[in-house]
Structures are given as C-alpha cells and as structure tokens.
Participant: 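Quick one: the structure is below, questions incoming.
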Amino acid sequence: MLLNPIVALLSNTATGRWHPILFQEAPLPGETALVRHKSTRHHTAGFTGREEAEAAAKELSAAVGGARLELAMVFDWDGVGVPAIVHFFEPATRAVAPA
C-alpha cells in the first residue's frame, strides 16, 4: 500500500519521449506544511506523445488505488540513469518546489 501516491510526467529531453512517474510520500521528521514525496517508479519505455503518457498515468493511478494526478507537472529528465526525484507538495493542492 502506498502512502499518498501522486502521478506526474517525465519528459525525456534526449529522446522526446514521455513517461508517467509515481511518487510516494516520505515524510520529513517533525511537522511541516510541505509534504516530501520520492519517486518510486516510472514507465521505462515511455510514449511518443504526451496524450499517450497521460492515459497511461491515469491507468497507473487506478492500479495503485487512486493516486492523485498532477499531469500538468512535468519533470525534465536527460534519460541518463534512474530518474530519482524528491519533490515537495502542498497537501492535496499544487506542487511547490523541487528538493
């Protein structure tokens, strides 16, 4: 079971492909207004078009029990290595800033 999952999009700047990416809450110690999320997986092959990636993101959201969709949020990725991302979100609203 995932803790407050969020699905966003990766844009592979090297290939032009789009990848849904899943984040899971990873709380910081103590109380804070922002919520830290860490990426836990992405669609490895990706898609040629953003629309296809958004459809796959919706499927991923359903598969993990209804992750919050943040499809307007796009993270650029150079396609090298694993896209390990830490991002801070306001609870149930919009994204704030990368770590």
Participant: To the closest 0.5 Å, what do you measure between CZ (R41) and CD1 (I21)?
Facilitator: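 With rounding to 0.5 Å, CZ (R41) is 11.0 Å from CD1 (I21).
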
Participant: Take H87 and F75 through the test side-chain contact (heavy atoms from CB on, under 4.5 Å) and record every step on the way to the result.
Facilitator: CA-CA 10 Å; H87 198 79; F75 295 90; 3.4 Å; yes

Participant: Between NE2 of H37 and CZ of R68, what distance do you get to the nearest 0.5 Å?
Facilitator: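 Taking NE2 in H37 and CZ in R68, the distance rounds to 6.5 Å.
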
Participant: Find the distance between CG (N12) and CG (D78) and round it off to the nearest 0.5 Å.
Facilitator: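 One finds 7.5 Å between CG of N12 and CG of D78.
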
Participant: Could you pull out the closest heavy-atom pair between I6 and A67, with the gap in Å?
Facilitator: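 It is N-CB, 4.1 Å.
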
Participant: With sequence neighbours left out, what residues match H19 under ring pair (Phe, Tyr, Trp, His ring centres under 6.0 Å)?
Facilitator: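 Ring pair (Phe, Tyr, Trp, His ring centres under 6.0 Å) list for H19, sorted by chain: H42, W77.
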
Participant: Return yes if some donor-acceptor pair links the side-chain N/O of R36 with the main-chain N/O of P27 below 3.5 Å, else return no.
Facilitator: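 It does hold such a pair.
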
Participant: For residues P83 and S39, report the shortest heavy-atom separation together with the two atoms involved.
Facilitator: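 Taking P83 first and S39 second, the nearest heavy atoms are O-OG, 3.2 Å.
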
Participant: Please name the pair of heavy atoms, one in G49 and one in W18, separated by the smallest distance, quoted to 0.1 Å.
Facilitator: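 Smallest heavy-atom distance, with atoms named: C-CD1, 3.7 Å.
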
Participant: Looking at E54 and R50, does any basic side-chain N land under 4.0 Å from a carboxylate oxygen?
Facilitator: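 The answer is yes: the pair qualifies as a salt bridge.
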
Participant: Looking at S61 and V7, would you say the former's side chain and the latter's main chain have a donor-acceptor pair under 3.5 Å?
Facilitator: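 Not at all, since once roles are kept as given, no pair shorter than 3.5 Å links the two residues.
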
Participant: Evaluate side-chain contact (heavy atoms from CB on, under 4.5 Å) for N4 paired with V35, printing each intermediate quantity in order.
Facilitator: CA-CA 10 Å; N4 298 320; V35 181; 5.6 Å; no

Participant: Are F47 and L9 in one and the same hydrophobic cluster, where Ile, Leu, Val, Met, Phe, Trp and Tyr link if side-chain heavy atoms are under 4.5 Å apart?
Facilitator: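 No; tracing contacts between hydrophobic side chains, which count when under 4.5 Å, never links both residues.
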
Participant: Nearest 0.5 angstrom please: R17 CZ to L10 CG, how far?
Facilitator: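 R17 atom CZ to L10 atom CG measures 13.0 Å (nearest 0.5 Å).
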
